[in-house]
Trainee: 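This structure is in structure tokens; I'll ask about it shortly.
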Amino acid sequence: MTAARRLVLVGHGMVGQRFLEALFEQVPAGPAPKWQVTVLAEEPRPAYDRVHLSSWFTGTSAEELSLCPDGFLEKYGIELHLGDRATAVDRAARTVTTASGRELPYDALVLATGSYPFVPPVPGHDAPGCHVYRTIEDLEGIRDAAATAGAGAVIGGGLLGLEAAGALKAMGLPTHVVEFAPRLMALQVDDGGGAVLRRRIEDLGVTVHTGAGAQCVETGADGSARALTLSDGSQFPTDLVIFAAGVRPRDDLARACGLPVGERGGIVVDEHCRTADPAVLAIGECALAADGRVYGLVAPGYAMAETAARALSEAGGSFTGADTSTKLKLLGVDVASFGDAHGAAEGALDVTYSNSRDGVYKKLVIGADGALLGGVLVGDTEAYGILRPLALSGTPLTAPPEQLVLPASAGAPAGPVTLPDDAVVCSCHHVTKGAVRAAVHDKGCTSVPGIKQCTRAGTGCGSCVKLLGTLVTDELAAAGVETARGLCAHFEHTRAELYEIIRVKGIDTFARLIDEHGAAGTGSEGCDVCKPAVGSILASLGNGHILDGEQAALQDTNDHFLANLQRNGSYSVVPRVPGGEITPAGLITIGEIARDYGLYTKITGGQRIDLFGATVDQLPDIWRRLVDAGFESGHAYGKALRTVKSCVGETWCRYGVQDSVGLAIELELRYRGLRAPHKLKSAVSGCARECAEAQSKDFGVIATSTGWNLYVGGNGGMTPRHADLLASDLDRPALIRTIDRFLMFYIRTADRLERTAPWLERLDGGLGHLRAVVMDDSLGICADLDALMARHTATYEDEWAATLADPVRLRRFASFANAPGTPDPTVRFVPERGQIRPALPHEDGQVLTAPLIAGAQLEVRAG
């Protein structure tokens, strides 16, 4: 049996992880693996998604950013050493030495050491308060510094610099961006795009300095940064400086062991990613490719990783260059650049559309043969998914180029059918349109998740996901497979259409709706998709208590019991605490209830207190005590308003300029119980420091010295999105009126389970259209929207109190219909940190029973 060859990978970033995946795709795991792999990682954690690093500031955890699947290393016998960087390579002995003293032999060595941030050697660059923006540890340092900083500055106005500026702005700091070039994102956009981008970013309150560099970081008596002086002589105060002025290839290991490097850095490699030493390969940002370029984007890095894996597997293939297109949202502004964006090709012509009022700029570069060569998009990147592969395909356009840049109302862009099969639709993993079509026809993929699993398309930067969905739909349609646009098999209408039908016709039951407007031949029972959606519409239109009559049967588990179902069959209870403001008496009541019922208590991220571990039969008793103390349902179980988070505002904070707590309470009480297509979250910050994180909410409000700024369409979670500024310096009545209309327009037009963020991105005309509808009444519906909100506020009732007052509703709150009051013995707990948690399957031997009567003690019994 041939012994496995020893492979050492130096660097476990995005490119390093992709190399490992590609290597074992070529050489699957087996009883006699071809490679025994050791990985050296300088950072203290495995590979993570550096492309979406900024989402860490909006709540994405390091674990969620991880790119190393559970069990991957173990499956292939990969030995990973975290926090142990390589310090030397002995090419003659074929060994790698690490900082901890390890000496690792290799038969093949792959360098994926990436790059390091370039910090201009200006005086004060290393003073306390100066940071770089590269790792999660860097972000932790920036976050800690921002908590006490008065203002922030970013040196560098490229992709990373604007990402960093967005993070500072989101943390509430007055923010400056300094760019030495005459425009922002000089490599990606032209003068026209740069002007629109600058105007959009300055409208958000960021101060932009172009055509000037950092000359000196001024320091105070304690040696920390206090101001920044620019090369044009200007100066401004700042005690937090982020250097994001570009990166340099990390090629020190190669230099030290005598491998050739480029004049401006980068380990010289051939088309197979091999260095001058055939046993050593280099990939990613540390490598100088055969075309003379150092690539700083993930797509070329992945392509090099796959090339190196094929070289080691003797599978052939070469790296001759890669797509450097980019699409991202910077400070809430959509920006994209693809192909020959600057028109460098001889004979190239421009087709440009510019709308400074809406902050939109589009430029296409057209070749002499009529082919699309590249382009720049600022403010509206909707067409990027089709334009980028069109440019990469090199084929002449089949539609006039002006149709590709004009607004949808003026000219429809060409669809995916215009793409040739060899057009690359996912540049991160080099997946062509033909490969997507094959996945649909040959592998039975009928959805984007299926395409992702089959081809890896859409699993990189994600910019191609929308195009993938369109391709799948078109391919299915071309094959005669009809793709339903309706809510489900029972309705051919969308949720928005059903909302209008119910509202206009005054339909108040599911039975009548499905009888009059249901799809033929599907029956009258409905399903788990349409029943909750219709129940939500009926509730949003004020159709009575959700547990009355037929409506009760429409609800999902949480709404059915007005509480959140937990993993072991118990429920959590979340009383409303408007604005996070609570009296000592209220705190005592909650504490006594938690003690008496043996509940687990936790303060949530939305400034409320969650009580976990209640059984169904206990819920009414718990509610009664809460209602008697002045509490009401917090609707944590419903597709409704959850919380309006707030900081303490001008009442207590020395930076506050408005009463954020008072406004938060007013908004939460106004919109409590408002049923929507999805949950709604909000926040009010009392100043620009943004402690309440209003820009990560479905609607958020930030105080100004003269009024309130309203942001909409934000959310955290799996796909975080910063909210967009809808209106500035509103007085209180105008603010509330605008929020009323925004919410009702969203409820009226959104799809099933669609949050405000994807709804706003999908909305024809985007933010400009929304502003015209709710502020200028462009559709003539504002009176209807106002009336719907007035109806909601006039008819609101607390669902807990209403349930307690109705013996019929109370009958459902029993674990066993034939033995009311008997607890469910399958709901099990174990003690942990002085409280309880759900028991895991292997913990059945020790069961903690929550007390059923007031004042009882927690009992632990052995099984």
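What you see below is based on every heavy atom in this structure, not just the backbone, and it leaves out hydrogens, waters and symmetry mates. The chain is numbered in sequence order, starting from 1.
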Trainee: For atom NZ of Lys681, is the number of surrounding heavy atoms from other residues, nucleotides or ligands below 6.0 Å larger than 12?
Mentor: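 Incorrect, the count does not exceed 12.
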
Trainee: So do Ile366 and Leu364 actually touch side chain to side chain, heavy atoms under 4.5 Å?
Mentor: yes

Trainee: I need the Phe745 CZ to Asp740 CG distance, nearest 0.5 Å.
Mentor: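 Spacing of CZ (Phe745) from CG (Asp740) equals 15.0 Å.
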
Trainee: For Phe243, give me all partners under ring-ring contact (aromatic ring centres under 6.0 Å, His included), at least two apart in sequence or on another chain.
Mentor: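 Result, ring-ring contact (aromatic ring centres under 6.0 Å, His included) vs Phe243: none returned.
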
Trainee: Suppose we screen for salt bridge (Lys or Arg N to Asp or Glu O under 4.0 Å). Which residues come up paired with Arg456, at least two apart in sequence or across chains?
Mentor: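 So Arg456 forms a salt bridge (Lys or Arg N to Asp or Glu O under 4.0 Å) with Glu21, Glu25.
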
Trainee: Are the side chain of Arg689 and the backbone N or O of Gly172 linked by a donor-acceptor pair below 3.5 Å?
Mentor: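 Not at all, since once roles are kept as given, no pair shorter than 3.5 Å links the two residues.
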
Trainee: Dump the intermediate steps for salt bridge (Lys or Arg N to Asp or Glu O under 4.0 Å) on Arg762 and Glu754, then the final yes or no.
Mentor: CA-CA 10 Å; Arg762 179 180 61 83; Glu754 187 174 39; 2.8 Å; yes

Trainee: Donor-acceptor pair, Thr238 side chain versus Leu240 backbone, under 3.5 Å?
Mentor: yes

Trainee: Would you please name every residue forming a side-chain hydrogen bond (donor to acceptor under 3.5 Å, both in side chains) with Thr352, sequence neighbours left out?
Mentor: none

Trainee: Please, which pairs that meet ring pair (Phe, Tyr, Trp, His ring centres under 6.0 Å) have at least one residue in residues 162-196, sequence neighbours excluded?
Mentor: His176-His209, His176-Phe236

Trainee: May I ask you to test the Arg199-Val196 pair for a side-chain heavy-atom distance under 4.5 Å?
Mentor: yes

Trainee: Please report, to 0.1 Å, the donor-acceptor pairs under 3.5 Å made by any side chain of residues 333-347, with sequence neighbours excluded.
Mentor:
residue : atom : partner : partner atom : Å
Asp334  : OD1  : Lys329  : NZ           : 3.0
Asp334  : OD2  : Lys329  : NZ           : 3.2
Ser337  : OG   : Gln188  : O            : 2.8
Asp340  : OD1  : Gly343  : N            : 3.1
Asp340  : OD1  : Ala344  : N            : 2.9
Asp340  : OD2  : Ala344  : N            : 3.0
Asp340  : OD2  : Ala345  : N            : 3.0
His342  : NE2  : Leu187  : O            : 3.1

Trainee: I need the full list of salt bridge (charged side-chain N to carboxylate O under 4.0 Å, His left out) pairs touching residues 693-709, with sequence neighbours left out, sorted by first then second residue.
Mentor: Lys645-Glu693, Asp698-Arg755

Trainee: How would you list, by chain and number, every residue that makes a ring-ring contact (aromatic ring centres under 6.0 Å, His included) with Tyr499, sequence neighbours excluded?
Mentor: none

Trainee: Considering residues at least two apart in sequence or located in another chain, which fulfil the ring-ring contact (aromatic ring centres under 6.0 Å, His included) criterion with Tyr295?
Mentor: Phe319

Trainee: Provide the full list of salt bridge (charged side-chain N to carboxylate O under 4.0 Å, His left out) pairs with a residue in residues 183-192, sequence neighbours left out, each pair given once.
Mentor: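 Every pair satisfying salt bridge (charged side-chain N to carboxylate O under 4.0 Å, His left out) with a residue in residues 183-192: Arg183-Asp191, Asp190-Lys363.
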
Trainee: Does anything in residues 764-784 form a side chain to side chain donor-acceptor pair (under 3.5 Å)? List the pairs, not counting sequence neighbours.
Mentor: none

Trainee: Please enumerate all residues that pass side-chain hydrogen bond (donor to acceptor under 3.5 Å, both in side chains) together with Arg143, with sequence neighbours excluded.
Mentor: none

Trainee: With Tyr361, which residues qualify under ring-ring contact (aromatic ring centres under 6.0 Å, His included), at least two apart?
Mentor: none

Trainee: Without swapping roles, check the side chain of Arg200 against the backbone of Gly359 for a donor-acceptor pair under 3.5 Å.
Mentor: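 Confirmed, Arg200 side chain pairs with Gly359 backbone.
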
Trainee: Check the pair Glu500 / Arg748 against salt bridge (Lys or Arg N to Asp or Glu O under 4.0 Å), numbers first and verdict last.
Mentor: CA-CA 7 Å; Glu500 293 302 324; Arg748 184 170 178 166; 2.5 Å; yes

Trainee: How long is the gap from OG on Ser660 to CG on Leu663, to the nearest 0.5 Å?
Mentor: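 CG of Leu663 is found 8.0 Å from OG of Ser660.
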
